[in-house]
> 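My questions all concern the structure below.
Note on naming: letters A, B, ... go to the chains in the order of the sequence lines (proteins, then strands), and numbering restarts at 1 for each one.
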Amino acid sequence: MTTEIDRQWTTRLRRRAEGKLPPEKLLPDTQPSYVSSWIYVFGVTTMAALCMVIATGCVLAIFGPQWWHTSSVGHFVNSLHLWAVEIFFFAMVIHLWGKFFMASWRGGRTLTWMTGVVTFLASIAAGFTGYASQSNFDSQWITTQAKDGINASGAGSFFNVLNLGQMLMWHIVLLPLVAVLLTVLHVLMVRVKGVVPPFSDETTEVAR
Amino acid sequence: MHWFNTVGALINLDHPGHFLHWHFIEVSVANAVVMIVMVATFVVALLAPFPGRRSRKENR
C-alpha cells in the first residue's frame with residue numbers, strides 16, 4: 001500500500017536517484033582493468049583544465065580589464081586563463097578522438113556521448129566569446145572579421161559580436177553555466193553507465 | 001630583468017605569423033605545430049605502457 005510519503009515528489013526523486021546511482025557507483029573504489037591506459041586520462045585532464053579556467057576567470061572578473069591589461073600579475077593571470085583554455089581544448093579533442101574510435105556510444109551510452117558533443121559545442125562558443133571579450137585590438141579584429149559570418153547565418157539578429165557587453169555576459173554567465181552543468185551531467189552519465197569497454201571486452205560487459 | 005622576460009626572450013614572437021599554404025588550405029605554423037603535437041600525443045597515449053598495468057594474461 002502506498003502511503004502519502006511514498007507519493008511525495010521528494011521521496012520518489014530520492015528513490016529514483018538511489019536506484020540509478022548508489023553511492024558505490026557514484027564514487028567507486030575500483031575501475032575495470034581496461035581503464036589503465038593513457039587514453040583514458042584525457043577526460044579528467046579536460047575537467048582539471050576547466051577548473052583552472054573557472055578559477056582564473058573568477059580572478060579576472062574580480063579585478064577587471066584595466067588590471068589584466070596593465071599589471072604584471074594581471075598579465076600572468078590572463079595568461080594562465082589562456083593556457084588553461086589551450087590545455088582544455090587540447091585534452092578535450094584527444095578525449096573526443098579516443099571515444100570516437102572506441103564508439104563510446106555503445107551499450108546505451110547515447111546520452112553520455114551527446115552531452116559530450118553539446119559540451120564541446122558550448123565550449124567552442126565560450127572560447128569565441130572569450131576572444132571577443134578581451135577588450136583589445138585582437139578582440140576588435142576578431143569581432144569585425146566574425147560579424148559577417150555570424151550575420152550571414154542569421155544569428156546576428158540576436159547575437160551581435162560587436163556588442164562587447166553582450167559577448168562578455170555570454171562568456172562569463174551563460175556559456176560557463178551550460179558547460180559546467182553539461183560536464184556534471186556527462187560525468188554522472190559515465191558513472192551510471194560505466195566507462196565504455198574496448199571492443200575486445202564488450203562480450204564480457206555486465207549489463208548495467 | 002624578471003625571470004619571465006628571460007623565458008620570453010628565448011623565442012622571438014615579435015613578428016608577423018608564418019603561414020603554410022596548400023591549395024585552398026591555409027594554416028599558421030603555430031596552429032600546425034599544435035595539431036601535430038595533438039596527433040602525436042594521441043598515438044603515444046594509445047601505445048605507451050601505463051604504470052602499474054598488468055598484462056591481459058594476468059588479468060584473466
> Give a yes or no on this: more than 12 heavy atoms of other residues, nucleotides or ligands lie within 6.0 Å of atom CD of A:Q66.
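12 or below, so no.
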> How about A:I39 and B:F42: do any of their side-chain heavy atoms sit closer than 4.5 Å?
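A:I39 reaches B:F42 side chain to side chain.
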> Atom CZ of residue position B:F50 - does it have more than 12 heavy atoms of other residues, nucleotides or ligands inside 6.0 Å?
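Buried by this count: over 12 neighbours within 6.0 Å.
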> Please find the pair of heavy atoms, one from B:A45 and one from A:S37, that lie closest to each other, and give the distance.
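Between these two residues, the closest heavy atoms are O-OG, 3.9 Å.
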> Give, for atom CZ of A:F90 and atom CE of B:M35, the distance between the pair rounded to the nearest 0.5 Å.
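That separation rounds to 12.0 Å.
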> Give the member of B:V34, B:V37, B:V44 that has the highest number of heavy-atom pairs under 4.5 Å with chain A.
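Ranked by contacts with chain A, first place is B:V37.
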> If we ignore hydrogens and angles and just use 3.5 Å, is the side chain of A:W38 paired with the main-chain N or O of B:L46 as donor and acceptor?
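Answer holds: no.
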> Is it the backbone or the side chain of A:Y40 that comes under 4.5 Å from a heavy atom of chain B, or both, or neither?
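Neither part.
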> Is it true that atom OH of A:Y131 has more than 12 heavy atoms of other residues, nucleotides or ligands lying nearer than 6.0 Å?
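It does not: A:Y131 OH has 12 such atoms or fewer within range.
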> If you look at every heavy atom in B:M38 and A:I94, which pair is closest and at what distance?
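Nearest pair, atom of B:M38 first, then A:I94: O-CD1, 3.7 Å.
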